[in-house]
Novice: 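The structure's right below; bear with me while I get my questions together.
Labels below follow one simple rule: chain letters A, B, ... track the order of the sequence lines, proteins then strands, and each chain is numbered from 1.
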Protein chains: 2
Amino acid sequence: MPKKNIPKLAIRRLCIYKRMLSRLLEKEQETISSKELGKLTSIPDYQVRKDISFIGEIGVARKGYNIKKLNDHIINSLGLIEVWNTAIVGVGQLGTALLNYPRLKEMGYNILCAFDIDPKKIGKKTGGITIFPSDRITPTVRKNQIKIGIICVPPGAAQTVCDALAKGGIRGILNFAPIALNIPAHIVKREIDFTVELEFISAVLNLMKKKRS
Amino acid sequence: MPKKNIPKLAIRRLCIYKRMLSRLLEKEQETISSKELGKLTSIPDYQVRKDISFIGEIGVARKGYNIKKLNDHIINSLGLIEVWNTAIVGVGQLGTALLNYPRLKEMGYNILCAFDIDPKKIGKKTGGITIFPSDRITPTVRKNQIKIGIICVPPGAAQTVCDALAKGGIRGILNFAPIALNIPAHIVKREIDFTVELEFISAVLNLMKKKRS
DNA sequence: TTTATATTGTGATTTTTTTCACATTTAAAG
DNA sequence: CTTTAAATGTGAAAAAAATCACAATATAAA
């Protein structure tokens, strides 16, 4: 179990180390140093070591970290073995893609149901999952003990479905709608909007240019 | 022009304020306080004010910020009017969706070409854009003065196409491949991997549970 | 067995970011 | 015109995060 409170940013980086480590598992290499792992993840070596130190001593001086052991250790420490009942809200292009993405199940996200507002979609199956009407979100989430909701609806509908998920007792929300969600603090939220990231890139490029000139 | 160096995190939040402001433009409301804007973006009011202060004084005591004026001011200060020649690498499900997403052009991302390794796709058009072979990335990027590259290839190919983009003189990269890219520091990079975000949510939920018990 | 050295783990330091608190401003009311 | 109070903008304080530097350690070579 983790020593003390792990900083949020360290948790996120640990997930990134794990992503690389599971790729390395397929190679013959057995151990990796913080320097190498840092190179592969664009994170400085001391940061890698410090992050890993939050979940305990696992490295070997002069050799580095055993790849399999470190991978397992991150999975265990962060509880990534757990299986989560998951729902997808909004079966448009993105929602459909997610319903057909088999790796989600492999990663422990057990998609139990999907929701959409379009009567033509309701009752149909996508990726083996039945689509329910959006106004049934709260009872369905509660009944099926759904813990994680993935929001793929247009921005105008996002807050409403978010509230419905919250009322049903959801624990975590991954939001793809391009709008910030108002949410009780006990629900863990993550928002992904590639247009914000693109604009961030543009802004940084522009400010770099201005500074030079 | 901005007073001094704007912190990266403030830039990102300014993009998020702008996203909300442009939605508010369609409403009749004329001004907004830092408190209201903070509520809408889940960011504390003092943080909103401090972020805005990096791009100058624009608010009016007792009234707040004029929505249109603040929106324009963020756009100007961060240089978000600029048009960027853009390329999409990897015309799979995601790449295809992006090529058919008209808002990209509206936002100033002028997609000039796409690349794929699959001979069956090369020469075809998707969303009006011709698909070139991946081994032509470097010269095509250079010739067309492409500044931003969006990587949508599988993880095994991502570093190779990233290197090719860098060699062609790319300035910014948005990476959807689930792998960290090694990249010269002068190139602005952003990585989006929803599986990392899902695992982050799981990890935080687990650590919350552990702490309570 | 001893030595040399690569590598970890971590306290201490520095830097960055967030948070606070309040003086200042200004619109609106009286 | 004066008063009131809502809201900004910001310097200062606090908190968090990143960075550094090095003692401790353990492998491999001599």
Novice: Using salt bridge (charged side-chain N to carboxylate O under 4.0 Å, His left out) as the criterion, list what pairs up with A/Lys50, not counting sequence neighbours.
Specialist: none
Novice: Once side-chain hydrogen bond (donor to acceptor under 3.5 Å, both in side chains) is applied, do any residues pair with B/Asp163, and if so which ones, sequence neighbours excluded?
Specialist: B/Gln159
Novice: Can you name the residues that form a side-chain hydrogen bond (donor to acceptor under 3.5 Å, both in side chains) with B/Asn76, not counting sequence neighbours?
Specialist: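 Partners of B/Asn76 by the side-chain hydrogen bond (donor to acceptor under 3.5 Å, both in side chains) criterion come out as none, since no residue qualifies.
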Novice: Using the side-chain hydrogen bond (donor to acceptor under 3.5 Å, both in side chains) criterion, which residues pair with B/Asn175? Sequence neighbours excluded.
Specialist: B/Glu191
Novice: Starting from C1' on D/dG9, measure out to CD1 on B/Ile55 and report it in whole angstrom.
Specialist: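 Nearest whole value for this atom pair: 13 Å.
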Novice: Applying ring pair (Phe, Tyr, Trp, His ring centres under 6.0 Å), can you list everything that pairs with B/Phe132, at least two apart in sequence or on another chain?
Specialist: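 B/Phe132 satisfies ring pair (Phe, Tyr, Trp, His ring centres under 6.0 Å) with no other residue.
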Novice: Write out all pairs satisfying side-chain hydrogen bond (donor to acceptor under 3.5 Å, both in side chains) with one or both partners inside residues 9-19 of chain B, taking only residues at least two apart or from two chains.
Specialist: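 Every side-chain hydrogen bond (donor to acceptor under 3.5 Å, both in side chains) pair that includes a residue of residues 9-19 of chain B, provided the two are not neighbours, is A/Asp193-B/Arg19, A/Glu197-B/Arg12, A/Glu199-B/Lys18, B/Arg13-B/Asp51, B/Tyr17-B/Asp51.
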Novice: Which atom pairs, donor and acceptor, lie under 3.5 Å between side-chain atoms of residues 180-187 of chain A and protein residues at least two apart or in another chain?
Specialist:
from     : atom 1 : to      : atom 2 : distance (Å)
A/Asn182 : ND2    : B/Lys39 : O      : 2.6

Novice: So, is the end of the A/Arg190 side chain (NZ or CZ) under 6.0 Å from the ring centre of B/Phe200 and within 45° of the ring's axis?
Specialist: yes
Novice: Name all residues meeting the ring pair (Phe, Tyr, Trp, His ring centres under 6.0 Å) criterion together with A/Phe194; count only those two or more places apart in sequence or in a different chain, and write none if there are none.
Specialist: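 Ring pair (Phe, Tyr, Trp, His ring centres under 6.0 Å) list for A/Phe194, sorted by chain: B/Tyr101.
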Novice: How close or far is atom P of C/dT19 from atom CD1 of B/Ile43, stated in whole angstroms?
Specialist: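 These atoms are roughly 11 Å apart.
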Novice: For a quick check of understanding: with a heavy-atom distance under 4.0 Å over all strands, which category does A/Ile58 fall into, base, sugar-phosphate or nothing?
Specialist: sugar-phosphate
Novice: Nearest whole Å is fine: how far is C/dC22 P from B/Asp45 CG?
Specialist: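 Taking atom P of C/dC22 as the reference, CG of B/Asp45 is at 15 Å.
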Novice: Give the B/S/- string for nucleotides 25-30 of chain C, one per nucleotide from 5' to 3', where a protein heavy atom under 4.0 Å of the base yields B, of only the sugar-phosphate yields S, and otherwise -.
Specialist: BBB---
Novice: Using heavy atoms and a sub-4.0 Å distance, could you list which residues of residues 23-42 of chain B are near DNA chain C? By number, please.
Specialist: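 Contacts with DNA chain C under 4.0 Å: none.
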Novice: Return the polar atom pairs (N/O with N/O) between nucleotides 13-18 of chain D and the protein under 3.5 Å, or none.
Specialist:
from   : atom 1 : to      : atom 2 : distance (Å)
D/dA18 : OP1    : A/Arg13 : NH1    : 3.1
D/dA18 : OP2    : A/Arg13 : NH1    : 3.3
D/dA18 : OP2    : A/Arg13 : NH2    : 2.9

Novice: Strictly by modelled atom types, are A/Ser202 and B/Tyr109 linked by a side-chain donor-acceptor pair under 3.5 Å?
Specialist: yes
Novice: Rounded to whole Å, how long is the line connecting atom CD1 of A/Ile6 with atom P of C/dT10?
Specialist: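 Going from A/Ile6 (CD1) to C/dT10 (P), I get 14 Å.
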Novice: Return the set of residues passing side-chain hydrogen bond (donor to acceptor under 3.5 Å, both in side chains) with A/Gln93 (not counting sequence neighbours), or none when no residue passes.
Specialist: none
Novice: Taking atom P of D/dA24 as reference, at what distance in whole Å does atom CZ of A/Arg49 sit?
Specialist: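 For the pair A/Arg49 CZ and D/dA24 P, the rounded distance is 16 Å.
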Novice: Can you tell me if B/Tyr65 touches the phosphate of D/dA6, counting only side-chain N or O atoms and a distance under 4.0 Å to OP1 or OP2?
Specialist: no
